[in-house]
Participant: 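The structure that follows is given in the form of structure tokens.
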Protein chains: 2
Amino acid sequence: MRALTPKGAATRQRIVEGAAKLIRDHGPANVGLDDIRAATATSKSQLFHYFPDGKADMLLAVAAHEAELVLEEQQPYLSDLTSWAQWEAWRDRVIARYAAQRRRCPLSALTAQLGLADPAVEEIITGMYARWQRHVADGVRAVRPDADAERVATQLIGAIAGGATMLVATDDIRYLEIGLTEAIENLRRGAPRAMSL
Amino acid sequence: MRALTPKGAATRQRIVEGAAKLIRDHGPANVGLDDIRAATATSKSQLFHYFPDGKADMLLAVAAHEAELVLEEQQPYLSDLTSWAQWEAWRDRVIARYAAQRRRCPLSALTAQLGLADPAVEEIITGMYARWQRHVADGVRAVRPDADAERVATQLIGAIAGGATMLVATDDIRYLEIGLTEAIENLRRGAPRAMSL
DNA sequence: GGCATTTTGGACTGCACAGTCCACTTTAAA
DNA sequence: TTTAAAGTGGACTGTGCAGTCCAAAATGCC
């Protein structure tokens, strides 16, 4: 797998992006290797050349790719939540992104397909959430140094996850709008300290 | 499909419950009709006798069954959120239920498998959430008549959905604990009115 | 230019698994 | 007790699709 020539790397990239698009459009369950082959102008042997462990291997690469996009699409705000204005811009970006995507959440579809049992999948997902939450916690510390940043960040990530889940389930963006808005509002007006459950 | 004798109804029920258990344990993708046949002591012809449209038909019945359970397991609290003590008992029940289930969320797994494209699946899911949210909104009106009950209920359902999603993704119950606790706390101390986004 | 390695084409294999078929048995109503 | 309908058993079929194989072409290195 090492020693990829530029040409090879380009092909591999083409496969990942082509597969990602197909999966976004039709769902992982409805996309076969032949579809990917056709959409990316490749042959069966190429697919297995770049992903020796087969389809699972490939979907894993697609999942990693999608996870990366999730965070990238929140930039530059996510890395710079240093003012309430930035927080609002971030919130609007997140809501707009999910509103555009509607029910098509490639990442949740992929993980459901691959199964969290696979440690590699789990690593991708938990890693992404960890980075996401770290950025948010940094932002909390910037605007509310007295707050329990980790707790607030946990609440915020949970609100987004819930909004996304409900969006997929009911095609209604309000769960995300309300959940995220209230959570930020909550942070803004008070400063929740660690408390017992 | 009408004219089910008691024996037939029992068999059908046995199939649904047996399939539900298998799916909870192994995930819908890893359960075939032969597994269900073996686990429920039935034959292929019985499966298709009771579910003429095949596997999808059967998984639909399983999904409806699981959706029913989700609400039932929150009773009697969910229908009687008339005091803060009841609210806390409800919260504890919800958290305990998900803590016990850990990553195995049969409903999300099933819907991911069946796809929300199917109107029958969507009906089951949206119907369940609608009933859930209605109960919660009733509870809000009982303890905070001045609050925007629908908005608060939306926030609460979103927090639970997010907690469940993060539990599946990261095997960490704190998202649910914190999200639900903060949302209730938020309701308790203030009374959010409708506000512009 | 020549040799090794990477990249590519596409036919072929294997099988898991949903779905079919028909014969047999049990149930229940008249 | 007869008989029509519901219930049951299990072998069989068809196929969609992941994965294999080998041979040919392009590429890179000395």
Side-chain angles (χ1 to χ4, degrees), chain A residues 1-20 22-23 25-63 109-110 112-115 117-118 120-121, chain B residues 1-20 22-23 25-63 109-110 113-115 118 120-121:
Chain A
M1 185 64 88
R2 73 287 56 140
L4 274 203
T5 69
K7 191 180 182 188
T11 300
R12 196 192 132 101
Q13 184 72 5
R14 196 172 80 240
I15 292 171
V16 170
E17 286 175 4
L22 276 181
I23 286 167
D25 291 347
H26 307 108
N30 306 314
V31 174
L33 292 186
D34 281 332
D35 300 315
I36 295 170
R37 198 182 43 63
T40 60
T42 51
S43 66
K44 234 12 176 340
S45 71
Q46 283 172 289
L47 262 34
F48 282 86
H49 182 217
Y50 296 106
F51 305 97
D53 290 345
K55 192 181 190 184
D57 204 0
M58 210 180 83
L59 293 186
L60 200 65
V62 173
L110 273 166
Q113 177 80 1
L114 287 166
D118 186 337
V121 177
Chain B
M1 183 63 90
R2 75 285 63 137
L4 274 202
T5 68
K7 190 181 182 187
T11 302
R12 197 193 131 102
Q13 183 72 5
R14 196 171 81 241
I15 292 171
V16 169
E17 286 174 4
L22 276 180
I23 286 168
D25 292 346
H26 307 108
N30 306 314
V31 175
L33 292 187
D34 282 332
D35 301 315
I36 295 170
R37 199 182 43 64
T40 58
T42 51
S43 66
K44 237 2 177 350
S45 71
Q46 283 173 287
L47 263 35
F48 282 86
H49 181 91
Y50 295 106
F51 304 97
D53 290 344
K55 193 182 190 183
D57 203 0
M58 209 178 85
L59 291 187
L60 199 66
V62 173
L110 273 166
Q113 176 79 3
L114 287 165
D118 185 338
V121 177

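As the structure is a prediction and not an experimental result, all values here were calculated from the model. Numbers restart at 1 for each chain; the letters A, B, ... are given by sequence-line order, proteins then strands.
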Participant: Check this one for me: any side-chain N or O of A/Gln46 less than 4.0 Å away from OP1 or OP2 of C/dT7?
Facilitator: no

Participant: Under the side chain to side chain contact (heavy atoms under 4.5 Å, CB included) rule, collect the residues that match up with A/Thr5, sequence neighbours excluded.
Facilitator: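 A/Thr5: side chain to side chain contact (heavy atoms under 4.5 Å, CB included) contacts with A/Lys7.
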
Participant: Measure CG/A/Asp35 against C1'/D/dG19 and give the value in whole Å, please.
Facilitator: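 Result: 16 Å.
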
Participant: Here's a test of your reading of the structure: between B/Thr42 and A/Ala56, which maps to the more 5' nucleotide of DNA chain D?
Facilitator: B/Thr42

Participant: Under 4.0 Å between any heavy atoms, over every strand shown, what does A/Lys55 touch: base, sugar-phosphate, or nothing? Just pick one.
Facilitator: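 Here A/Lys55 touches the backbone only, sparing every base.
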
Participant: Please write out each protein N/O paired with an N/O of nucleotides 25-30 of chain D under 3.5 Å, distance rounded to 0.1 Å.
Facilitator:
unit_1: D/dA26; atom_1: O3'; unit_2: A/Lys7; atom_2: NZ; d: 3.3

Participant: For the pair made of NE2 in A/His49 and P in D/dC21, what is the distance, rounded to whole Å?
Facilitator: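 Value for this atom pair: 16 Å.
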
Participant: Distance from B/Ile15 atom CD1 to B/His49 atom NE2, nearest 0.5 Å?
Facilitator: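 It comes to 9.5 Å.
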
Participant: Scan the side chains in residues 29-36 of chain A for donor-acceptor partners under 3.5 Å anywhere in the protein, sequence neighbours excluded, and list what turns up.
Facilitator:
unit_1: A/Asn30; atom_1: ND2; unit_2: A/His26; atom_2: O; d: 2.7
unit_1: A/Asp34; atom_1: OD1; unit_2: A/Arg37; atom_2: NE; d: 3.3
unit_1: A/Asp35; atom_1: OD2; unit_2: A/Gly32; atom_2: N; d: 2.8

Participant: Using only modelled atom types and a 3.5 angstrom limit, is any donor from either the side chain of A/Lys44 or the base of C/dG9 paired with an acceptor on the other?
Facilitator: no

Participant: To the nearest 0.5 angstrom, please state how far the OH atom of B/Tyr50 sits from the OG1 atom of B/Thr11.
Facilitator: 4.5 Å

Participant: What is the distance, to the nearest angstrom, from the CZ atom on A/Phe51 to the C1' atom on D/dA18?
Facilitator: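 Going from CZ in A/Phe51 over to C1' in D/dA18 covers 15 Å.
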
Participant: To the nearest Å, how far apart are A/Tyr50 OH and C/dG9 C1'?
Facilitator: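 Atom-to-atom, A/Tyr50 to C/dG9, this comes out as 13 Å.
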
Participant: Specify the closest pair of heavy atoms between B/Ala9 and B/Leu4, including all atoms of both residues, with the distance to one decimal.
Facilitator: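 Looks like CA-CD1, 3.9 Å.
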
Participant: Take A/Arg14 and B/Ala29, find for each the nucleotide of DNA chain C with the closest heavy atom, and name the residue whose nucleotide sits nearer the 5' end.
Facilitator: A/Arg14

Participant: Which distance, rounded to the nearest 0.5 Å, do you find between the CG of A/Asp118 and the CG of A/Leu60?
Facilitator: 6.0 Å

Participant: Which atom names give the shortest non-hydrogen contact between B/Ala19 and B/Val62, and what distance separates them?
Facilitator: CB-CG2, 3.9 Å

Participant: Within this structure, what is the CZ-to-C1' distance between A/Phe48 and C/dA11, rounded to whole angstrom?
Facilitator: 15 Å

Participant: Please report, rounded to the nearest Å, how far the P atom of C/dC17 is from the CZ atom of B/Arg37.
Facilitator: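 That distance rounds to 12 Å.
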
Participant: Which nucleotide, C/dG19, D/dG7, D/dT8, lies nearest any side-chain atom of B/Ser43?
Facilitator: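 Side chain of B/Ser43 sits closest to D/dT8.
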
Participant: To the nearest angstrom, how far is B/Leu47 atom CG from C/dC17 atom C1'?
Facilitator: 13 Å

Participant: Identify which nucleotide among D/dA6, C/dT7, D/dG10 has an atom closest to any side-chain atom of B/Ser45, counting heavy atoms from C-beta outward.
Facilitator: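 Taking heavy atoms from C-beta onward, the closest nucleotide is D/dG10.
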
Participant: Nearest-Å distance, CG (A/Asp53) to C1' (D/dT20)?
Facilitator: 14 Å

